Student: 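Here you go, one structure.
Chain naming here is simple, since letters A, B, ... match the order of the sequence lines and numbering starts at 1 in each. Note that this is a predicted model, so its numbers are computed, not measured.
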4 protein chains.
Amino acid sequence: MFQLDIRSRVPIYEQLVEKFKELIINEVLKADEQLPSVRQLAKDLTVNPNTIQKAYRELEHQGYIYSVPGKGNFVTPPSAINKEEKVKKMKEELLKLLAEALFLGVEKEEIISLIEEAERTVKGGEKS
Amino acid sequence: MFQLDIRSRVPIYEQLVEKFKELIINEVLKADEQLPSVRQLAKDLTVNPNTIQKAYRELEHQGYIYSVPGKGNFVTPPSAINKEEKVKKMKEELLKLLAEALFLGVEKEEIISLIEEAERTVKGGEKS
Amino acid sequence: MFQLDIRSRVPIYEQLVEKFKELIINEVLKADEQLPSVRQLAKDLTVNPNTIQKAYRELEHQGYIYSVPGKGNFVTPPSAINKEEKVKKMKEELLKLLAEALFLGVEKEEIISLIEEAERTVKGGEKS
Amino acid sequence: MFQLDIRSRVPIYEQLVEKFKELIINEVLKADEQLPSVRQLAKDLTVNPNTIQKAYRELEHQGYIYSVPGKGNFVTPPSAINKEEKVKKMKEELLKLLAEALFLGVEKEEIISLIEEAERTVKGGEKS
DNA sequence: GTGGTCTAGACCACG
DNA sequence: GTGGTCTAGACCACA
């Protein structure tokens with residue numbers, strides 16, 4: 001299910017966060033869908049349960065999932081994500097990255113085609 | 001000369017690497033120019049010499065400078081730097097960020113205006 | 001009758017306790033009135049009977065209801081409920097929250113207008 | 001230094017978060033002051049280092065402290081705390097608590113005197 | 001020395 | 001069964 005790079009400099013739990021965000025953004029995991037249980041995923045990935053916990057907790061902090069103790073972890077419906085603050089940070093980050101890309105000689109047209117590519121992967125998540 | 005953010009999460013040596021890369025790409029530091037000596041820079045920035053050493057080693061590893069034992073560290077000519085790999089990573093990162101932005105409801109038009117804003121900040125620094 | 005938030009972090013039994021306390025303080029449930037039976041309520045709310053039991057036991061512990069074995073659970077007359085302790089805790093909590101608000105730069109006037117807003121929502125429910 | 005209630009229902013790390021927030025709000029811990037090291041505090045409180053870590057991490061998430069790996073954890077200057085979002089949540093919480101207090105028969109005057117008491121403990125933190 | 005991550009394994013609350 | 005917390009102890013990166 002996941003490909004973790006155990007040797008990478010980026011922590012396992014952070015890799016997990018990224019993977020899950022991707023799945024949620026691309027709606028592979030749909031609203032209110034249940035995520036794999038902490039123990040099960042830990043077993044599948046041969047990682048310690050604490051590490052999974054940490055990833056889930058971080059995802060919850062970022063608003064992408066919510067946790068119901070005794071029940072499981074579930075995907076937050078996009079409409080319920082607190083966007084304002086997140087969008088602001090996102091724009092700053094985007095601006096920085098765009099400047100860097102232009103600086104390295106990436107053409108404006110290339111970036112626009114990247115936007116279109118991104119649109120295709122998201123499709124339908126921007127309604128709310 | 002440098003503004004280091006001691007508070008930042010990103011390690012000092014990495015901040016140094018970024019700064020030097022900027023100076024090199026902008027040709028503030030010209031081809032084959034000698035970099036400040038480890039000891040001198042460490043003194044100027046009130047940073048541990050080990051930290052400077054680490055930054056220089058990393059710059060060398062990434063191909064931005066070359067080291068001549070007993071002489072010092074020198075700038076690799078920009079034409080010799082391999083940008084391809086960096087551009088590729090940048091595009092991947094951009095794609096991910098763009099998808100996230102669209103997911104959070106940022107309009108395509110907004111992103112395009114961000115590109116234009118980014119263009120303005122870069123203009124003038126991209127002589128190389 | 002009840003709106004339970006299955007998603008919430010606060011346990012269902014605790015939500016039940018809060019709801020019942022509200023109904024009792026508001027005298028929607030009058031003194032010595034009988035509460036719904038554990039089985040019936042569990043069925044109505046599609047909740048595990050154990051959960052209802054736990055809520056009732058907790059309400060009894062806090063003094064809001066009393067249980068007559070073989071008969072059912074009944075509302076303690078409001079006059080017999082000890083509010084003092086609760087008011088004390090409430091004040092401590094308020095003090096903490098007020099300090100935090102002031103620290104974050106909320107103006108005193110804003111807080112007073114919040115009090116007035118709160119007054120309006122309570123008006124009409126405080127017959128007891 | 002701290003009084004932890006090991007038997008309490010509220011987790012140790014959360015108790016720590018509350019204590020530290022209090023110390024920061026009341027300016028016992030001043031801006032950019034260093035917090036006790038994870039290991040040291042763990043030893044002093046005879047708690048596992050991981051638990052301290054968790055508390056510090058949470059405080060960082062909430063914006064009250066910042067962490068510099070290899071250096072330590074430091075108090076965020078009030079001016080640098082991202083307040084907007086926090087203030088919004090705070091007001092909601094305050095409103096709820098105020099309504100509950102009024103409901104329980106706490107007088108408006110009492111609340112206002114609580115504000116004044118809170119003001120005295122904070123004194124000077126609301127400038128920015 | 002510092003913080004950050006991770007494993008191994010335990011116990012609790014909840015439904 | 002689920003998530004949440006905690007201990008014990010290890011290793012790494014950084015300054």
Student: Reading DNA chain F in the 5' to 3' direction, which nucleotide is the first one with an atom under 4.0 Å from a heavy atom of chain B, and which is the last?
Tutor: dC14(F) to dA15(F)
Student: Do L29(A) and F74(A) make a side-chain contact, defined as non-hydrogen atoms from C-beta onward lying under 4.5 Å apart?
Tutor: no
Student: Rounded to the Å, how far apart are I52(C) CD1 and dC14(E) P?
Tutor: 15 Å
Student: Taking 4.0 angstrom as the limit, do E85(D) and K89(D) come out as a salt bridge?
Tutor: yes
Student: Do L41(C) and Y56(C) have side chains that approach each other closer than 4.5 Å (heavy atoms only, starting at C-beta)?
Tutor: yes
Student: Would you classify R39(D) as touching base, sugar-phosphate or nothing, given that sugar-phosphate means primed atoms plus P, OP1 and OP2, and contacts are heavy atoms under 4.0 Å?
Tutor: base
Student: Quick one: label N50(A) by what it contacts on the DNA or RNA (base, sugar-phosphate, nothing), any heavy atom closer than 4.0 Å.
Tutor: base
Student: Is the shortest side-chain N/O distance from Y13(C) to OP1 or OP2 of dG15(E) below 4.0 Å?
Tutor: no
Student: Reading DNA chain F from 5' onward, which residue's closest nucleotide shows up sooner: E60(A) or V47(D)?
Tutor: E60(A)
Student: Taking the nucleotide of DNA chain F with the nearest heavy atom to each, does V10(D) or R9(A) sit closer to the 5' end?
Tutor: V10(D)
Student: Distance check: side-chain N/O of K54(C) vs OP1/OP2 of dC14(E), anything under 4.0 Å?
Tutor: yes
Student: What is the minimum heavy-atom distance between V38(B) and P49(B), and which atoms define it?
Tutor: CG1-O, 3.7 Å
Student: Output every pair passing salt bridge (charged side-chain N to carboxylate O under 4.0 Å, His left out) with a member in residues 52-64 of chain A, not counting sequence neighbours, ordered by first then second residue.
Tutor: E60(A)-R9(C)
Student: Between E14(C) and P69(D), name the one whose nearest nucleotide on DNA chain E is closer to the 5' end.
Tutor: P69(D)
Student: Verify the neighbour count for atom CD of E84(A): are there more than 12 heavy atoms of other residues, nucleotides or ligands below 6.0 Å?
Tutor: no
Student: Give DNA chain E the dot-bracket treatment, 5' to 3': Watson-Crick (N1-N3 with N6-O4 or O6-N4) or G-U (N1-O2, O6-N3) under 3.5 Å, [ ] crossing, | other strand.
Tutor: ||||||||||||||.
Student: Do the side-chain N and O atoms of N26(A) and E22(A) include a donor-acceptor pair separated by under 3.5 angstrom?
Tutor: no
Student: Count the heavy atoms belonging to other residues, nucleotides or ligands that lie under 6.0 Å from NZ of K96(C), then report whether that count exceeds 12.
Tutor: no
Student: Please check if the side chain of T76(B) supplies one atom and the backbone of G63(B) the other of a donor-acceptor pair under 3.5 Å.
Tutor: yes
